[in-house]
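To keep things clear, I will list the structure first and then write my remarks on it.
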Number of protein chains: 2
Amino acid sequence: MDQSADTKSHGAAGTPDFMLQAFFPYLARVFYTHVSGAVSGLYEEPFGMKRYEWRTMAILGQNPAMTASDIVAASSMDKVSVSRAITALRGRGWIAERANKADARSRLLRLSRSGREVYETLVPQMIALEEKLLADLSDTEIGTLKALMARVAASAAALRDG
Amino acid sequence: MDQSADTKSHGAAGTPDFMLQAFFPYLARVFYTHVSGAVSGLYEEPFGMKRYEWRTMAILGQNPAMTASDIVAASSMDKVSVSRAITALRGRGWIAERANKADARSRLLRLSRSGREVYETLVPQMIALEEKLLADLSDTEIGTLKALMARVAASAAALRDG
DNA sequence: TTGACATAGTTTCAGATGAAACTACTTTTG
DNA sequence: CAAAAGTAGTTTCATCTGAAACTATGTCAA
């Protein structure tokens, strides 16, 4: 992949030339696909978990007790995915539930003991993976990358809305 | 989203705390989701194209005549997706084909006149979108971002393989 | 040659996905 | 308070996906 090349350059005709391989969204996709693939290796094979199940577990692991809606709000997943992930985690006995006195439509969820065991096995592996992913970058570069991603994401979100 | 926060920090217990919202792959997903969403708006509604159809068209648009395998090699899509995208584009008359004398298993593909019209409508919009996405960044920052994404992607790919 | 293996592209199958409809409960309004 | 409107969570339905099987053709080696 050639980072230095520009996406466009004008040929003889009126339409600018276009190279997918230099197109920013394409580079973003290649980047994300690789990062995502590295992470999924940690929860798919060893625990038979799917993408949304891991994300849901990650949210539950860091909070004492919360509803499905809280998970949706905290994770930028849609409620259908969260609902299914909860069903799957519950099916393995990884979630403990109790009634929500404030609202009978929902329940308060947390990781069960066995769920927490899985979580506490995964978390150090996730942290180690993150460190390996970013091992070639200095702390400054890591901060720069995160900040630039956030700025572009904000631009993209603004383009969608208005 | 808090960029300055670290993913991990140690609490009282042995397991490090973990915050999904600061986890690098999570940030990468949010970033990619927004960027990808901005792009898909350009080809989905106006032309009824799907993700893989746009990518296939983008590849075909920049090459004179190529086989499906060539598209696979150039795009990091899998051959099933490319096959289906070609079928869809062909169904709209956007692809012109001729026999491949060198190998009868494949055909040589290029955009038809009407396919090229769509392509030449989309390309300037894509370039404009890319510029808007990156408008807040200096040229230096854009180069930095692309380079850092590539380095992390390479690390991730290396982690998967070995 | 010709049989064994490899490759190009398509189809099948078994999930993954999300929008919309739906059920149950809650809040608001008249 | 009762009806209307809203919200939490689930299910349905209509794709979207990709791995694996499959068909047709090509290549290699004896």
Exercise for the section: Could you check which residues of residues 84-99 of chain A get a heavy atom under 4.0 Å from DNA chain D? Sort them by number, please. Expected result: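 Of all residues in residues 84-99 of chain A, the ones placing a heavy atom under 4.0 Å from DNA chain D are R84(A), R90(A).
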Problem - Neighbours of DNA chain D within residues 47-68 of chain A, by heavy-atom distance under 4.0 Å - result: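 Close to the strand are T67(A), A68(A).
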Problem - Set of salt bridge (Lys or Arg N to Asp or Glu O under 4.0 Å) partners for R151(B), sequence neighbours left out - result: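 Partners of R151(B) by the salt bridge (Lys or Arg N to Asp or Glu O under 4.0 Å) criterion, ordered by chain and then number, come out as E141(A).
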Handout entry: Results of salt bridge (Lys or Arg N to Asp or Glu O under 4.0 Å) for R116(B) - residues two or more places apart only
Key =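 In terms of salt bridge (Lys or Arg N to Asp or Glu O under 4.0 Å), with neighbours along the sequence ignored, R116(B) is linked to E120(B).
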Handout entry: dA8(C) phosphate, OP1 or OP2, under 4.0 Å from S69(B) side-chain N/O
Key =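 Yes, because at least one side-chain N or O of S69(B) sits under 4.0 Å from OP1 or OP2 of dA8(C).
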Practice task
Ignoring backbone atoms, test whether S106(B) places a side-chain nitrogen or oxygen under 4.0 Å from the OP1 or OP2 oxygen of dG9(C).
Solution key: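 For S106(B), the contact criterion (side-chain N or O under 4.0 Å from OP1 or OP2 of dG9(C)) is met.
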Handout entry: Ring geometry between F18(A) and W54(B) (parallel below 30°, tilted from 30 to 60°, perpendicular above 60°)
Key =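 Tilted.
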Completion exercise
With B for base contact, S for sugar-phosphate-only contact and - for none (protein heavy atoms under 4.0 Å), nucleotides 20-28 of chain D reads B---BBS--
Handout entry: Any residue meeting side chain to side chain contact (heavy atoms under 4.5 Å, CB included) with V118(A), in chain and number order, not counting sequence neighbours
Key =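 With sequence neighbours excluded, V118(A) shows a side chain to side chain contact (heavy atoms under 4.5 Å, CB included) to F47(A), M49(A), M57(A), W94(A), L122(A), given in chain and number order.
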Problem - With S81(A) via side chain to side chain contact (heavy atoms under 4.5 Å, CB included) - residues at least two apart - result: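 Scan of S81(A) (side chain to side chain contact (heavy atoms under 4.5 Å, CB included), adjacent residues dropped) gives Y52(A), D78(A).
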Review item, side-chain donor-acceptor pairs of residues 102-110 of chain A, under 3.5 Å, at least two apart:
unit_1  : atom_1 : unit_2  : atom_2 : d
D103(A) : OD1    : R105(A) : N      : 3.0
D103(A) : OD1    : R105(A) : NE     : 3.1
D103(A) : OD2    : R105(A) : NE     : 3.4
D103(A) : OD2    : R105(A) : NH2    : 2.8
S106(A) : OG     : N100(A) : ND2    : 3.0
S106(A) : OG     : D103(A) : O      : 3.4
R107(A) : NH1    : E97(A)  : OE1    : 2.8

Handout entry: Atom pair distance, as rounded to whole Å: CE in M77(B) and P in dT10(C)
Key =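 Checked: the CE to P distance equals 13 Å.
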Practice task
Check the distance between dT10(C)'s C1' and I71(B)'s CD1 and give it to me in whole angstrom.
Solution key: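 In whole Å, dT10(C) C1' lies 15 Å from I71(B) CD1.
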Exercise for the section: Share the residues that join Y32(A) in a hydrophobic cluster, the rule being Ile, Leu, Val, Met, Phe, Trp or Tyr side chains under 4.5 Å apart at the heavy-atom level. Expected result: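 The other cluster members (ILVMFWY side chains, heavy atoms under 4.5 Å, direct or chained) are Y32(B).
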Problem - side chain to side chain donor-acceptor pair (under 3.5 Å) partners for S155(B), two or more places apart - result: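 Scan of S155(B) (side chain to side chain donor-acceptor pair (under 3.5 Å), adjacent residues dropped) gives D136(A).
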Problem - side chain to side chain donor-acceptor pair (under 3.5 Å) partners of T33(A), counting only residues at least two apart - result: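 For T33(A), no residue satisfies side chain to side chain donor-acceptor pair (under 3.5 Å) once neighbours in sequence are set aside.
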Handout entry: Residue pairs involving residues 34-52 of chain B (criterion salt bridge (Lys or Arg N to Asp or Glu O under 4.0 Å); sequence neighbours excluded)
Key =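 For residues 34-52 of chain B: none.
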